[in-house]
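All chains are named by letter (A, B, ...) in the order of the sequence lines, taking the proteins before the strands, and each is independently numbered beginning at 1.
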2 protein chains.
Amino acid sequence: METSSIRKKRDPRWTRFEEFLRSRGLRHSASRGLVVEIFFSNEGSISAEELWLAVKNQVPGIAVSTVYRTLRLLVDSGLARTCEGQGTVHYEPRSKASRDRIICMDCGKVMDLDLPEADLLQERIAMRLGYTVEQRELFMYGRCPACLRRRALAMKNAGRY
Amino acid sequence: METSSIRKKRDPRWTRFEEFLRSRGLRHSASRGLVVEIFFSNEGSISAEELWLAVKNQVPGIAVSTVYRTLRLLVDSGLARTCEGQGTVHYEPRSKASRDRIICMDCGKVMDLDLPEADLLQERIAMRLGYTVEQRELFMYGRCPACLRRRALAMKNAGRY
DNA sequence: CTTAATGCAAATCCTTTGCATGTAG
DNA sequence: CTACATGCAAAGGATTTGCATTAAG
């Protein structure tokens with residue numbers, strides 16, 4: 001599998017995956033490399049079977065089990081996460097940073113946040129429960145100032161309905 | 001199924017479910033009622049099988065398929081939603097205001113939490129940004145105590161799977 | 001009466017595993 | 001050489017479906 005060693009080398013995730021393998025005494029292999037590479041090249045979420053098809057498309061003869069096994073490694077190494085897919089499990093790249101955001105339910109605006117206070121909270125909870133926590137998502141759904149103003153105005157003007 | 005018609009009548013979700021049935025020309029039935037009632041009485045998320053066990057505990061002889069079929073109705077009617085559970089799909093009431101949970105990345109265990117501290121944090125953020133917030137999701141990903149122990153042990157005996 | 005709902009078991013997915021064999025280190 | 005990785009097929013689980021039968025409206 002020499003096809004794109006350059007791209008591999010440039011992607012920090014690849015390095016991280018290699019480190020993960022080494023740290024567990026696991027080995028490199030052409031099929032494994034292909035699966036990982038195609039998974040990385042995919043932006044959104046993907047099911048095991050979709051990934052398998054994409055892989056077979058490049059190198060026929062690779063077994064589904066290999067895809068599943070590699071996917072497990074990706075999850076274990078923290079480079080992938082599972083997420084909802086209709087009916088079947090989907091996998092998506094896990095970004096390093098934690099994600100905090102506030103979403104306006106009226107206009108749909110999404111604002112990315114960085115909340116050190118949430119880090120503290122997270123630590124406290126983890127401690128209390130005996131967990132270790134590596135990542136978090138804090139999504140808040142509500143209304144943005146602009147939409148709140150608009151609503152307030154609409155209230156006055158249209159007295160009732 | 002007269003056991004708790006009073007409780008049923010008081011829960012607005014029940015009314016909504018009945019409307020949903022009527023709008024589709026579907027029928028009432030004792031088993032269906034039981035499944036819905038037990039689902040509603042459960043606060044957190046639950047798997048189809050767990051729900052089945054709880055149902056059988058009250059009235060033995062009810063089939064899993066009935067539980068699955070009812071669960072689908074609940075989802076279709078917007079009263080339930082699916083969510084991640086270890087390996088298997090879990091269901092939870094859709095109306096639940098906020099969801100806080102901690103998920104083990106090793107065994108997939110999902111623990112539902114109730115975090116008043118997060119409410120405070122949420123309020124503070126909202127205030128600062130001029131938003132109102134009505135709902136939140138706080139997902140934390142890490143490792144549970146059991147898996148942490150297992151890992152510590154596995155450290156000695158070189159890992160494979 | 002008409003037609004949906006149910007229980008049961010068989011059928012379908014989706015995912016994991018056992019095993020003989022290939023292969024990286 | 002020594003494990004680990006792989007393909008294949010069989011095994012496992014979870015969820016769905018076909019069908020005869022029961023029961024709601």
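When rounded to the nearest whole Å, the span between CZ of A/F20 and P of D/dC4 equals 14 Å. Atoms CD1 (B/I62) and P (C/dA5) sit 15 Å apart, rounded to a whole Å. Taking atom CH2 on B/W52 and atom P on D/dG13, their separation rounds to 14 Å, with Å as the unit. If you take CG of B/L34 and C1' of C/dG7, they are 15 Å apart, rounded to a whole angstrom. In this structure, B/L71 atom CG and D/dA14 atom P are separated by 15 Å, rounded to whole Å. We find that NE2 of B/H90 is positioned 9 Å from P of D/dT15, with the value rounded to whole Å. The distance from atom CZ of B/R32 to atom P of C/dT6 is 5 Å, rounded to the nearest whole Å. Atom CD1 of B/I46 and atom P of D/dT15 are 13 Å apart (whole Å).
A/R22 contributes no side-chain N or O that, together with a main-chain N or O of A/R27, makes up a donor-acceptor pair within less than 3.5 Å. A donor-acceptor pair under 3.5 Å is formed between the side chain of A/R13 and the backbone N or O of A/F40.
Taking only side-chain nitrogens and oxygens, B/Y68 never comes nearer than 4.0 Å to OP1 or OP2 of D/dT16.
Using a 4.5 Å heavy-atom cutoff, the side chains of B/Q122 and A/M140 are in contact.
For the pair A/R81 and B/Y141, the distance from NZ or CZ to the six-membered ring centre is under 6.0 Å and the angle to the ring normal is within 45 degrees.
For the atom pair CZ (A/R128) and CD1 (B/I102), the distance works out to 10.5 Å, reported to the nearest 0.5 Å.
Residues B/P93 and B/N42 come closest through the heavy atom pair CG-O, 3.9 Å.
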For residues 51-59 of chain B, which side-chain N or O atoms pair as donor and acceptor with protein atoms under 3.5 Å away, sequence neighbours left out?
from: B/W52; atom 1: NE1; to: B/I62; atom 2: O; distance (Å): 2.7

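Residue order along DNA chain D, read from the 5' end via each residue's closest nucleotide, puts A/A63 first among B/V64 and A/A63.
Within 4.0 Å of B/R22, counting heavy atoms only, lies no atom of the nucleic acid at all.
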Practice prompt. Produce a footprint string for nucleotides 18-25 of chain D: one letter per nucleotide, 5' end first; B if the base is under 4.0 Å from any protein heavy atom, S if only the sugar-phosphate is, - if neither.
Written response: B----BBS
